[in-house]
Amino acid sequence: MGRVMSESEQDRARDPYTLGETDGGEGDEDHAVFWAEAVADDIEAREPTDPIVIKGGISPSGVPHLGNINEILRGYFVAEVLRDRDHEVRQVFTTDDRDPLRKLPRKLADLDGNIVDLGDVNAGALGQNLGAPYTEIPDPFGCCDSYGDHFSNLIADSAELLGVDIDIVSTTDLYEDGAFEELTRYVLDNQEKARDVLGQYQDKVDEDYVPFNPICGECGKVTETVTAVDTATGTVEYRCTGMEAGDRVIEGCGYEGAATLREGKLPWRFEWPAGWDVLNVDFEPFGKDHAEGSWPSGVDIAENVFEIQPPVPMVYEWFTLDGEPFSSSEGHVVLVHDVLELLEPEVVRFFFSKDPSKGRDFSIERLDLLVDDFDRTERLYYGDESGTEREEALAAEAYPPSIRPTVASRFSGAFGAGAWREMANDRGARETAAEHIDNVFGDCVRIPYTFAAVLGMFDDPALRADVARTEGHLTEDTPEWAVETALGRVELASEWARRTDNEFNYELKRSGIPEMDFDDATAAALDELADFVAEGHDGETIQGEIYETAKRHDVPIGDLFSAGYRLLFDESEGPQLGPFVAKLDREFVVERFRRNR
RNA sequence: GGGCCGGUAGCUCAGUUGGCAGAGCGUCUGGCUUUUAACCAGACGGUCGGGGGUUCAAGUCCCUCCCGGCCCGCCA
């Protein structure tokens with residue numbers, strides 16, 4: 001501390017957009033290829049004391065979807081870079097659970113991440129709690145202490161599923177335990193200053209504005225009308241009036257009473273900077289919605305009301321889901337729980353390692369592209385493929401934090417007891433992880449995602465491995481753990497094929513014969529093929545016979561394959577035919593090829 | 001209306017201090033003399049959102065316009 005920043009440095013420090021522009025004036029300085037490195041540079045430039053604190057946070061207002069995970073994973077990548085630079089890093093995540101419920105979401109989610117319609121829970125009970133803090137509202141699922149706790153738990157689970165170590169801090173707790181009390185008293189003692197600053201950003205700040213919202217002792221709702229303040233005794237008198245919520249007004253009960261400084265909340269514009277102070281926040285990423293409103297006022301309040309230094313900021317653009325904005329209330333969401341049925345966690349983390357300044361679509365339809373991108377990055381990292389200098393440099397930096405939790409869990413025996421995320425700051429464990437990544441894990445094998453989807457048609461795990469072997473994805477030398485990892489993708493990719501019903505979603509049409517129209521030669525060839533299958537041969541032999549049969553009947557080879565796929569899947573393409581039919585029950589194949597049923 | 005972020009091949013995107021427009025996927029063609037998955041080779045594909053300017057040189061810097069998103073009431 002103590003270093004005086006120049007004005008331009010200060011401007012840059014406050015600008016949440018200038019990612020990577022870390023030039024100190026010298027043109028030949030290395031330009032960071034990975035945004036998290038650039039952010040880490042900015043944080044280090046302030047000479048922070050360990051532990052460096054990285055914050056994120058959301059209101060537990062409803063389903064925490066993949067877009068909300070930015071609040072966890074953007075910070076994670078920066079944390080990992082700093083840890084690699086031998087800093088101790090604490091990643092905290094505030095659930096802003098003293099915020100009032102302002103409207104009822106249409107969709108909720110149970111603790112397993114299943115989306116549930118509002119009508120399936122006790123909506124009436126929820127409706128009566130509009131205006132009350134999330135932590136004062138009963139959990140509509142009845143499984144957690146409160147509505148707020150329910151959704152905070154889902155967020156905590158999401159982080160855990162992704163192997164990220166976060167300390168979840170309840171804002172309600174910060175008030176109730178008194179952590180915010182000193183700052184609350186300070187703001188109330190310096191209301192004029194607070195009003196002056198906030199008034200530059202909000203028109204409604206007038207003489208009567210009091211930067212504190214008590215919770216009504218009668219109805220439990222957050223109120224806005226403070227009638228008297230006595231910071232010496234630590235009490236605030238209020239009248240419970242209505243609260244605007246969008247285009248509606250939540251009615252107050254009219255009760256007049258007194259609250260302590262712990263029985264209410266600071267308005268968001270103060271609460272955010274208050275959190276920076278109380279938690280000693282050094283860095284905080286936030287969505288673009290905060291960039292032009294909350295952030296500038298937050299900086300101003302931090303510097304000129306609380307007289308603290310705001311954290312290093314970073315804006316991230318929002319993701320869309322299949323081209324449409326995420327919407328918790330409308331149920332257009334995907335949770336980490338869902339995504340991990342389709343992708344390995346390292347691929348999910350990798351998605352968040354990409355440039356935060358670019359809007360990005362999380363396209364379920366084209367998840368194969370994302371996985372291919374990850375696989376290539378992995379190959380670049382291990383030097384199995386070459387790319388541009390920049391690509392290789394980026395892989396060198398972005399791959400390790402993406403894969404680290406996976407490696408730690410795969411080789412958990414080397415790390416002693418406990419989950420990796422509890423060892424994030426452990427130097428020894430990090431060295432072990434690095435050593436594993438650069439040595440044993442180099443034998444990791446990836447089956448291309450779309451091919452994994454093809455393999456998914458085989459119920460028999462042994463057959464999946466067989467085919468992966470014949471295709472050269474697995475060899476004699478592939479270690480057992482790598483075989484498991486590689487084949488683990490098959491379940492994910494076939495779930496993807498099912499969910500998107502794409503061209504890899506081959507479904508064997510057992511119950512009825514698909515519509516078809518074959519010429520005589522093809523029909524004759526199919527009959528002969530049926531006879532051959534009936535004799536009982538292995539897959540390769542059948543595969544060869546398909547060629548021979550086609551040749552004998554002067555049928556273009558492609559036509560005969562098409563005919564087979566049509567009969568089995570009602571598709572024009574499919575898996576390698578011979579080995580596939582060899583694994584099906586013989587009678588079914590024979591009858592089907594004879595077009596009997 | 002004002003401020004900010006983004007706009008590169010059909011799709012997904014990469015493009016440090018200005019220095020000959022890139023990758024993957026898709027498509028097409030060919031190869032692997034028995035594989036319609038896999039794999040290999042090649043091709044097609046772009047007025048870098050439009051227009052102006054600075055420069056020997058602009059995707060990159062400046063101005064302007066268009067499109068999309070966010071913010072500019074309240075709330076978070």
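Since the model is a prediction, treat every value here as computed from it, not as a measurement. Each chain gets a letter, A, B and so on, in the order the sequences are listed, and its residues count up from 1. FYI, side chains are in, hydrogens and waters are out, and symmetry mates aren't considered; it's all heavy atoms of this structure.
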Between B:C5 (P) and A:D355 (CG): distance, integer Å: 13 Å
Pairing partner (Watson-Crick or G-U wobble, both distances under 3.5 angstrom) of B:A21: none
Separation of B:C4 C1' from A:F286 CZ (nearest whole Å): 12 Å
A:R239 side chain near A:T223 side chain, heavy-atom distance below 4.5 Å: no
Rounded distance in Å between the P positions of B:A43 and B:A23: 10 Å
Spacing of the C1' atoms in B:G22 and B:G45 (rounded, Å): 13 Å
A:E545 vs A:L529 side-chain heavy atoms within contact, under 4.5 Å: yes
A:D517 CG: over 12 foreign heavy atoms closer than 6.0 Å: no
Derivation of the side chain to side chain donor-acceptor pair (under 3.5 Å) call for A:D99 and A:S59: CA-CA 7 Å; A:D99 296 350; A:S59 275; 2.5 Å; yes
d(CZ, A:R379; C1', B:C39) in whole Å: 13 Å
Test of ring centre spacing under 6.0 Å for A:F593 and A:F532: no
Distance, rounded to the nearest Å, where A:R366 contributes CZ and B:C11 contributes P: 12 Å
For atom CD of A:E392 and atom P of B:U16, their distance in whole Å: 17 Å
Separation of B:A38 C1' from A:D372 CG (nearest whole Å): 13 Å
5' priority, RNA chain B, between A:D361 and A:E545 [closest heavy atom]: A:D361
Under 4.0 angstrom between A:R390 side-chain N/O and B:C13 OP1 or OP2: no
A:E71 side chain near A:Y316 side chain, heavy-atom distance below 4.5 Å: yes
Distance between P atoms of B:A38 and B:G26 (Å, rounded): 7 Å
C1' atoms of B:C40 and B:U47, separation to the nearest Å: 35 Å
Pairwise side-chain contact, A:W35 with A:M314, heavy-atom cut-off 4.5 Å (strictly under): yes
Whole-angstrom distance between B:G24 and B:U64, as gauged at atom P: 39 Å
Between A:F270 and A:F212, ring centroids under 6.0 Å: no
Pairwise C1' distance for B:C20 and B:G46, with rounding to whole Å: 15 Å
Contact state string [nucleotides 70-76 of chain B, B base, S sugar-phosphate only, - no protein heavy atom under 4.0 Å]: SSSBSSB
Distance between P atoms of B:U16 and B:G6 (Å, rounded): 13 Å
B:C56 to B:G49 separation - C1' atoms, rounded to the nearest Å: 28 Å
Nearest-nucleotide comparison on RNA chain B, the residue closer to the 5′ end among A:R360 and A:E317: A:E317
Any strand: nucleotide that pairs with B:C48 via Watson-Crick or wobble, under 3.5 Å: none
Paired nucleotide for B:C4 [Watson-Crick or G-U wobble; both distances under 3.5 Å]: B:G69
Nearest-nucleotide pick for A:R376, side chain only, options being B:C5, B:A23, B:G7: B:A23
Mate of B:U16 where both pairing distances stay under 3.5 Å, Watson-Crick or G-U: none
A:Y449 ring center within less than 6.0 Å of A:W496 ring center: yes
Between C1' of B:A23 and NZ of A:K354, the distance in whole Å: 11 Å
Stretch residues 63-73 of chain A: residues that reach within less than 4.0 Å of RNA chain B through a heavy atom: none
Sub-6.0 Å ring centroid separation between A:F286 and A:W295: yes
Spacing between A:F561 atom CZ and B:A38 atom P, to the nearest angstrom: 14 Å
Partner nucleotide, any strand, of B:C61 [Watson-Crick/G-U, under 3.5 Å]: B:G53
Test side chain to side chain donor-acceptor pair (under 3.5 Å) applied to A:E491 - qualifying residues, sequence neighbours left out: A:R464
